[in-house]
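Since the structure comes first, as C-alpha cells, the remarks are kept for the end.
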Amino acid sequence: MTEELDLTTLSVEELYEVMGDDLYDGYKEEVVEGVKEALSRNVAPYDVLTSGLVAGMEIVGNDFRDGVLFVPEVLMAANAMKAGMAVLRPLLAETGAPSVGKMVIGTVKGDIHDIGKNLVAMMMEGAGFDVINLGINQSAENFIAAVKEHQPTFVGMSALLTTTMPYMKVIIDALKEEGLRDQVTVLVGGAPLNEAFAEAIEADAYCRDAAVAVETAKKFAAIRRQRAAAS
Amino acid sequence: MKRRERRSRRRDTGSARGVPAVIPIINKLPFTEVLDDNGVQAIHQASMRLLKETGILVIDYPPALETFRKHGAKVDGEMVWIDEDTLMHFVQQAPATFSQLARNPTNTLTIGGRNTIFAPVYGPPFVADLDRGRREATLQDFHNFAKLTQMTPYLHAAGGTLVEPQDIPVAERHLDMLLAHITLTDKAFMGSVTSADNARDSVTMAQILFGADAIRQTPAVLGLINASSPLRFDDRMLGALEVYARAGQAAIITPFIIAGAMSPVTMAATLAQQNAEALFGICYAQMLNPGTPVIYGSFLANIDMRSGAPCFGTPENTLALYAGAQLARYYNLPYRSGGNFTASRIPDAQAGYESASTLWPTVQAGTNYVLHAAGWLEGGLISGYEKFVLDSEMLGIMARYVQGISLEEDDFAWDAFAEVGPGNHFLGSAHTMRHYETAFYQHQVFSMDNYEKWEEEGKEDSYKKANAVWKQMLKNYQAPPIDPAVAEALNAFVEHRRAEIRAGKPRSDWPG
C-alpha cells in the first residue's frame, strides 16, 4: 500500500518501526530520512543505530535465513542500511559510541571466487559492522598488514576450492607468529568447508552461510562486550 | 516522503494465502518425435490391416454391433471388421480441439493444439501417506484429494476417480464422487463410465450445474473409455460412450495395454494395435454423433518378463509414448498419455526416477491431456498423499519449461552487463531487481538448504517435507463458492438416485 507519512507526527518508537519497514523494503532515501528525523529529536546516534537500524536488519536477517526473502531483496536492505550508517558514522565517532564490530575479510590466496564472501561482507555491513573487504587472492602478509592497520575484532576468510582451503591455516599460523591471534576472532566459510575443518585449523567458528556469519559475529561481539564490561 | 508499495511477502501475512490461480500450459517448444513420416505410415497401415483382417471383438453390446453394421462395417456375431475408407470417413469428423466447461469459467479447458492439461491420478483402490501407510481408500480420502487438486495451480482439471471410496457401496459411489468434484473444486471434471446409467447421472448433474443448453453447446463431462485390450471393447465402456456421444459430451478413448501380455512384445505391433483400438472407439463415437469431441488415448506399460508385474518409465514405454503423440497428430486429434508413473510403493528414489522418466517425454511429446499427473504409486493401485505433492512440484517445473527461452531485447540484459562488468556479481543489478521474483522457478517442496541447516532442522527428506506440505494445503483450503440453489438441486438429485439404487428401482428421468 502506498502511504504518505509525516514522520514528524510519529513518536521515536513509531519512527523506528517505520525505519524497520523501510529497511525491509530496501527504501534507501526513506531510511536516511528516518535517521535524520530521529537525530533531530536529540536521540543519541548509538540508539538510532541499535534500536533503529540494527533492530530492523535483524528481521531482514531472520527472514533471509528462513527463506522468506530473496537475495536481491536482502542486498537492497543492506544498501539502505549502509546509507543510514553513512549519516550516523561521523556522529558515532564524535560521541565516542562503541562500535558494533569491525571485520577484515578476504578470499585466500589461490582463490578468486568471491561472490559468497561479498554477500557475507554486505550482510555484515547490513548488521552494522564496519567491514574492510580485501578482495580475492589474499596472501597471509596482506591479512597481517590489514589486521595491523585496521585493528579489527574479526578476521573472515573464504575459499571455494578444496585446494585453497589449507591456506587458511597458513594465515592463522601467521597471526599467531605475529602475536595477533588473540586479538581477533577468526571466522571461516566456503562451500567445501565444515565445522571439523574449522576446528582442525583452529579458527574460532565455521559459518555455513551469510546469515549464520552475521549471527555468529554478533554472538562473539556480545561476549567481547561482556568481558570488557566485567574487566 | 511517499512510501512505495510494502513487500507483501512478510512473515506475518504469509499464512493467509488463498486458493492459487490455475497456471495454463501452452507448449512453445518443438515436439520430440521418434518416427519419420514413413514410420507413421507404416504403423497406420498395420492398424488398417488389423481392423480389416483381424477385427475387433465387441462383447455383450448388440447396439454397437448394429451401429457398425448400419455404417458399413462387416459384422459377424460379436466380431467387427472395418476398412480404411469407412473408418477414416468417421475419424475425420472428430474435432482437432475442443473446450470443456468448468464451474469457474477461467478454468474452462481447451483440449488439443499446443495445450497441455494436467489432471490427478485416476482409479486407485488404496491411499497411502507417511503417517498411516497403505490402506483402503474412503470418501474422506476422495474429498482430501479433491481439495488438494483445487489447491494445486498446476492441475488444470479436477480429474475423475481420485481414489475408489471403498466405504461407499459400489452402485452409488459415482454420485458421491461427482458431488465432491462439483462442490469441492471449480475445475473441469470427469464423468462416470462404470455403466450407461452412471454416465446418464453424470450428464444430469452437469445439466443441473451448467444448464442443459450450455452443455449441449460445449461439453462439461469427459468420460474415460478404455478398450479391453487386445482388440476388444465391452458393454460398460461402449454403453457409457454412447450416452456421452449422444449427449454431446467428450470422451478419451484409451487402449490400456501392458505390452508383452495384452499386446505383442514389439513396439511396432503394440503401436499398431493401440492405434487400431483407439481409432475403432473414436469411429464409433462419430457414428453415433458426428463431431463428438474425443481424445486419442494411450496407456502403455510393459510387463516385467520375470514377475508379470507392469513396468513404468522404461525406454520402450517412452518411445511408444512419443510415437503415439505423432499418430494422434497425424489424425488431427488431441492426445492423452503419460503422467507421473512408477511401480514403486512409496515416493522413494525409484518413484522419483520413474516418474521423471515418464513426465518429461509426456510433456516433450506435446501430450494434450495428462491423466495421473499427480499422486500415482504402485502401478496405479495407490493414491499417495506425499507423492501428489512431489509430483506437483515437477508439474510446476514443466509449466515453466514449456515456455521456452524468451529472446526480447530486455532478456539480453545489456544494462546488467554495463552495470556489473567482468568479475562482479549480478545479484544487485537493476536488471536483476526487475526480474528476480519470476526469473527462476521457485520450488515449493524441494529443499536447497546446505547440510548443516538441513541437519539442524531435523534431516527431513522430500517424503517428510511433502507430508507437511499436503497437511498445510488442506488447512489452507477454501471451498469455491457455489449458488445455494444449485447445490441444493445437486443434493436432491443425488439423494433421489441413491434411493432408487438402494430400492433396486430402474433409473427415472430427472425433471430438472
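Order of the sequence lines sets the chain letters (A, B, ...), proteins ahead of strands, with each chain counted from 1.
- With a 6.0 Å radius and a threshold of 12 heavy atoms from other residues, nucleotides or ligands, B:Tyr353 has its OH atom at or below the threshold.
- Contact record, B:Leu427 with A:Pro72: O-CB, 3.4 Å, taken as the closest heavy-atom pair.
- By the 6.0 Å contact criterion, NZ on B:Lys28 is open, its count of non-hydrogen atoms from other residues, nucleotides or ligands being 12 or less.
- Heavy atoms from other residues, nucleotides or ligands lying under 6.0 Å from NZ of A:Lys218 number more than 12.
- Side-chain contact between B:His425 and A:Leu75 is present, with at least one heavy-atom pair separated by less than 4.5 Å.
- For A:Ile112, no part lies under 4.5 angstrom from a heavy atom of chain B.
- For the pair A:Asp66 and B:Lys453, the tightest heavy-atom approach, listed with the atom from each and the gap, is CA-NZ, 4.2 Å.
- Contacts of A:Asn79 with chain B are absent, with no heavy-atom separation under 4.5 Å from either backbone or side chain.
- With a threshold of 4.5 angstrom between heavy atoms, B:Gln442 approaches chain A through side-chain atoms but not through N, CA, C or O.
- Note that CZ of A:Arg208 and OH of B:Tyr451 are 13.0 Å apart. Values are rounded to the nearest 0.5 Å.
- Note that CD of B:Glu452 is 9.5 Å distant from CG of A:Leu193, once rounded to the nearest 0.5 Å.
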